[in-house]
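Below is one structure, written out as C-alpha cells, with a few remarks after it.
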Amino acid sequence: MSQEAQGPEEKGFAVKNAGEARALQRVLAGRIKIVPLGKKPRFVAGADAAFLDDQVLAVACLFTYPEMELIDIKTVVMKVTFPYIPGLLGFREGPAVVRAVRGLMQKPDLLFIDGQGVAHPAKMGIASHAGLLLDIPTIGCAKSRLVGDYAEPGRKRGQRSPLFHKGELAGTVLRTKDGVRPVFISPGHRIDFEGSVEMALSCGRGFRIPEPTRVADMETKRLKKAMEEKKRQRYTEAVCKKHCSYYRPEKSARKCGAYLFLSGVLTAGEIEGVGPAERAAFDQDQVIRGLACGRCQFLTTWCPYRTAGPSKGKPCGGYLVIERLLSR
DNA sequence: GCGACAG
DNA sequence: ATCTTGTCGC
Ligand SMILES: [Mg+2]
C-alpha cells in the first residue's frame, strides 16, 4: 500500500510562520557557496513538485551525464505544511523535494530544481536551500522571474543576458530554444554563474526546459493523475458499488448529484466508515434534494425515487449515504 | 498605501 | 501551483 512520508520533518525547514522562515533564510544564506563545479558530473538529477488536495507530490529523476539517460525515479508524498508565499517556496516544496533526492539510488553530482537559486530576495531560493541541506551542487532553473532586472536576450538558443538584483549579478536569463521564452538560471549552491548556464544548456534536449526538471515535472503530473484515478476508483467503490442499487460498471457521461456533493465534502476514507444502507428514522428529503438532487444528471430518466415518488422507487446510493450521515 | 510576486 | 475546452501553430 502507498505511504505518505511522515515522521521528523526535514530539520532545515523547521519554521512555523513566514517570519521564522525569512529569519532562517538569512542564517542559511551565509553558508551558500558560489564556486566552480569541481569535476564534470557523471550523474545529474532534477526535482519538482505537484499538489493534490492537502498533499505535496515530489519527484526526483536521476540521469547519466552527458548521455542524459534516465536511470532512476523517486517519489515522495507528504502533507502540505506551508502556504505558497513568494520568496518562501522552499518551505512549501523543499521538504518533499529533499526527501525525494535523498531516496535516489545514487547521489547526483549536480541537481536541477524548478525554481530560483540565488536569484532571490535573500539569495536563498529553493535550489540554494535544498542544495545546501543536501550538500549537492545545485542549479535553480525557473520558468519566470522572481527578482532582478534584465534585457531581453537574443532570440537564438544559447543567447543570454545577465539578471541583476540590487546592483549585483543574481542569475542569467537564458534562451534555451530559438524564439521561445527564456528560462531564469541561477546557481543554487556549489556551482557558479557560468557553470550553471553551461550545464543548463548541455542538459537540454531540444525543449525549453532542461531534461532534469522537464522530466521531473512530467513525472510529477503523471503521479498526480494516477493518484486522482485511484481516488476516483476508491470513491466509486465506497459510494456507488457499495450502496447504490442503480450502479452499473459502464462509464457514464452523466454525473450523479449525490456523488458530486459527497466528493466535494468528504474523503473516501470518511465514507468507507458508513455502514450498510439503512433508511434513517426521520425525513431529510428536502435537505438532500437541495444538496444533491438539484444537480443530478440522472434525475429525470433514471431516478424512480424523484420521478415516480418515494413510494415507487429506491433512492440512489449517494442519497442513502448522505441521509445516513445527516441522521447522526 | 500601492504594485510585484518562483511554484 | 491549480482550474479548464478549445484552439492556433509547427
Ligand atoms: Mg514546479
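All chains are named by letter (A, B, ...) in the order of the sequence lines, taking the proteins before the strands, and each is independently numbered beginning at 1.
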Checklist entry - For A:Q116, which contact category applies under a 4.0 Å heavy-atom criterion: base, sugar-phosphate, or nothing? => result base
Checklist entry - Rounding to a whole Å, what distance do you find between A:R208:CZ and C:dG9:C1'? => result 17 Å
Checklist entry - Can you tell me how far P of C:dA1 sits from CG of A:L52, to the nearest Å? => result 14 Å
Checklist entry - Contact class for A:F51 (heavy atom, under 4.0 Å): base, sugar-phosphate, or nothing? => result sugar-phosphate
Next on the checklist: Using a strict threshold of under 4.0 Å (side-chain N to carboxylate O), is an ion pair present between A:R155 and A:D178?
Outcome noted: no
Item to check | Geometric cation-pi criterion A:R92 and A:F51, 6.0 Å radius, 45° cone | outcome: yes
Next on the checklist: Ring centroids only, cut at 6.0 angstrom: are A:F184 and A:Y150 within range, meaning strictly under it?
Outcome noted: yes
Checklist entry - So what does A:G140 touch, heavy atoms closer than 4.0 Å: a base, only the sugar-phosphate, or nothing? => result nothing
Item to check | Leading and trailing nucleotides of DNA chain B with any atom under 4.0 Å from heavy atoms of chain A | outcome: B:dA4 to B:dG7
Checklist entry - Are the charged groups of A:R214 and A:D48 less than 4.0 angstrom apart, N to O? => result no
Next on the checklist: Donor-acceptor check, side chain of A:T307 to backbone of A:L299, threshold 3.5 angstrom: yes or no?
Outcome noted: yes
Checklist entry - Just how far, in rounded Å, is P of C:dC10 from NZ of A:K177? => result 12 Å
Next on the checklist: Taking the basic N atoms (NZ, or NE/NH1/NH2) and the acidic carboxylate oxygens, is any pair closer than 4.0 Å for A:E272 and A:R234?
Outcome noted: yes
Checklist entry - Does the side chain of A:K221 get closer than 4.0 angstrom to OP1 or OP2 of C:dT2 through an N or O atom? => result no
Checklist entry - Whole-Å distance between C:dA1 P and A:D48 CG? => result 7 Å
Checklist outcome for this item: A:K225 atom NZ is separated from C:dT2 atom P, nearest whole Å, by 14 Å
Checklist entry - Hey, is the side chain of A:K224 poking within less than 4.0 Å of OP1 or OP2 on C:dT2, counting only N and O atoms? => result yes
Checklist entry - Is a side-chain donor or acceptor of A:H189 paired with a backbone partner of A:K33 at a separation under 3.5 angstrom? => result yes
Next on the checklist: Please classify the nucleic acid contact of A:A50 as base, sugar-phosphate, or nothing, using heavy-atom distances under 4.0 Å.
Outcome noted: sugar-phosphate
Next on the checklist: Over all strands shown, is A:I113 touching base, sugar-phosphate only, or nothing at heavy-atom distances under 4.0 angstrom?
Outcome noted: nothing
